[in-house]
Amino acid sequence: MTSGFLPYGKQYINEDDIQAVVDVLKSDWLTTGPAVEAFEKALGDYVRAPHVVACANGTAALHLAAMALDLDENCAVIVPAITFLATASAPHINGAEIVFCDVDPETGLMTADSLQAAIDTHEGKPLKAVFPVHLAGQPCDMPAIQETARKYGLFVIEDACHALGARYHSGKGMEHFVGACDHSDLCVYSFHPVKNIATGEGGALTTTSPSIDQALRKLRSHAMTRSPEDWVNLDMAFDEDGTPNPWYYEIARPGLNYRLSDINAALGTSQLKRAAPMLERRHELVGLYKEALATLDAPIRFVPQREGTYSGLHLFSVLIDFSRLAKSRAKLMKQLHDAGIGTQVHYIPVPCQPYFRGLQQNLRIPSANLYYEQTLSLPLWPSMRDQDVFRVADCLANSLRSNL
Ligand SMILES: *Cc1c(COP(=O)(O)O)cnc(C)c1O
């Protein structure tokens, strides 16, 4: 009855993807070529974003966001306690103080209220930005978060690493795509193989602002400028008759190499062609999970989905109240692993990490802790078969019922 190990997430590569990569390998450009532009265009079309800047990975995207918006040692930024390390580490590496914000105990999402509470209790450097995270792919209440952020003049950077393809309605009955930045300044994606599309390593930022777009493009490539109008060292930059020297470039600040290669970009463009049906399959699989787990009467709750949203469903995380069960989460995970089923916990609250623990006075994140204690992510990826879902549901229900 064994049919291979089921990890909590994985990529789905087909022959078209392989051919797209081979085509680039046979071309003249392995990096800074046309495949990167094509990927940016395709991603912009998919998420309805006017400007897209592809980069090395999601962490680099967050770091680029922090650099472009000068989230540095003169300011503090707000990050939800439940997220991946990079949401906090990237702006912090750029110098910003991190203020952790509590989340909704059932969805794990930052809310306008939890953001307001973080703003109200903050003492220290002036706040400059907020990083809502669309945990598991479920969109945060962006109109409300933006309204609160606006009152305090905060930039809004969406961490949409889980939310490729997600949508939500605003009060005005309009539909908004995550990535279109209708309620934010920037939106950040990752294309790590467990995410909704894979490029190997890869990331991107989207924005509606031409000036932020330009700043990001420069920062992605050493912050170099070859545009004569930007140059300062005029004696070195121009020859006797005032024409720009062909080799000349300048930097006004240090930058990094955060480019995406054409190899990765070609894989991304090929994957994007199937992004919508792959996301629909994720929704279908979750529907099967819910039916199966309800029938099996397993002591599990599903994360409530906010009204008017279509989730990116990067993860299928369920809530299990282990405090009322005889079995610990660690025991359950080990038993499932032995049955060939991979599960994961998303996430350990970032402020519990030894580095961040000492940094924030009067930290209060009771709801984040409650979410953390109950969450468990089950296998979900687009090439999963229906019978894989039933196998996971059976094993999970059996293990939860047994005292062993
Ligand atoms: C994956 C992820 C990142 C980082 O992306 P990488 O491409 O792995 O660097 C950041 N934030 C969240 C919420 C993520 O899930």
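The structure presented is a predicted model; accordingly, all values stated were derived computationally and were not measured. Just follow the structure's listing: the first ligand is 1, and inside any ligand the first atom is 1.
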> Under 3.5 Å, is there a donor-acceptor pair linking the side chains of Gln344 and Ser377?
no

> In terms of atom number and element, which parts of ligand 1 are under 4.0 angstrom from non-hydrogen atoms of Tyr347?
15 (O)

> Ignoring hydrogens and angles, write down the donor-acceptor pairs under 3.5 Å from the side chains of residues 53-68, residues two or more places apart or on other chains.
{"unit_1": "Asn57", "atom_1": "OD1", "unit_2": "Thr59", "atom_2": "N", "d": "3.0"}
{"unit_1": "Asn57", "atom_1": "OD1", "unit_2": "Ala60", "atom_2": "N", "d": "2.7"}
{"unit_1": "His63", "atom_1": "ND1", "unit_2": "Tyr258", "atom_2": "OH", "d": "2.8"}

> Just how far is it from atom CE of Met224 to atom CG of Asn257, taken to the nearest 0.5 Å?
11.0 Å

> Between His314 and ligand 1, find which residue part has any heavy-atom pair under 4.0 Å and reply side chain, backbone, both or neither.
neither

> Give the residue and atom name of whichever protein heavy atom lies nearest to atom 11 (N) of ligand 1, and the separation in Å to one decimal.
Asp159 OD2, 2.8 Å

> State whether a side-chain donor-acceptor pair under 3.5 Å links Tyr248 with Glu250.
yes

> Closer than 4.0 Å to some heavy atom of Asn57 - which atoms of ligand 1 meet that?
7 (O), 9 (O)

> Is ligand 1 less than 4.0 angstrom away from at least one heavy atom of Tyr189?
no

> When rounded to the nearest 0.5 angstrom, what distance separates CG in Leu205 from CZ in Arg220?
9.5 Å

> When you compare the side chains of Gln335 and Lys327, does any donor N or O come within less than 3.5 Å of an acceptor on the partner?
yes

> Would you mind listing which atoms of ligand 1 come within a distance below 4.0 Å of any non-hydrogen atom of Gly58?
5 (O), 6 (P), 7 (O), 9 (O)

> Measuring from Tyr8:OH to Leu380:CG, what's the distance to the nearest 0.5 Å?
11.0 Å

> Tell me the protein heavy atom at minimum distance from atom 4 (C) of ligand 1, and give that distance in Å.
Thr59 OG1, 3.6 Å

> Going by heavy atoms, is Lys195 under 4.0 Å from ligand 1?
yes

> Do me a favour and list the nearest non-hydrogen protein atom to atom 15 (O) of ligand 1 with residue, atom name and distance?
His162 NE2, 2.7 Å

> What residue and heavy atom of the protein are closest to atom 8 (O) of ligand 1, and at what distance?
Ser190 OG, 4.0 Å

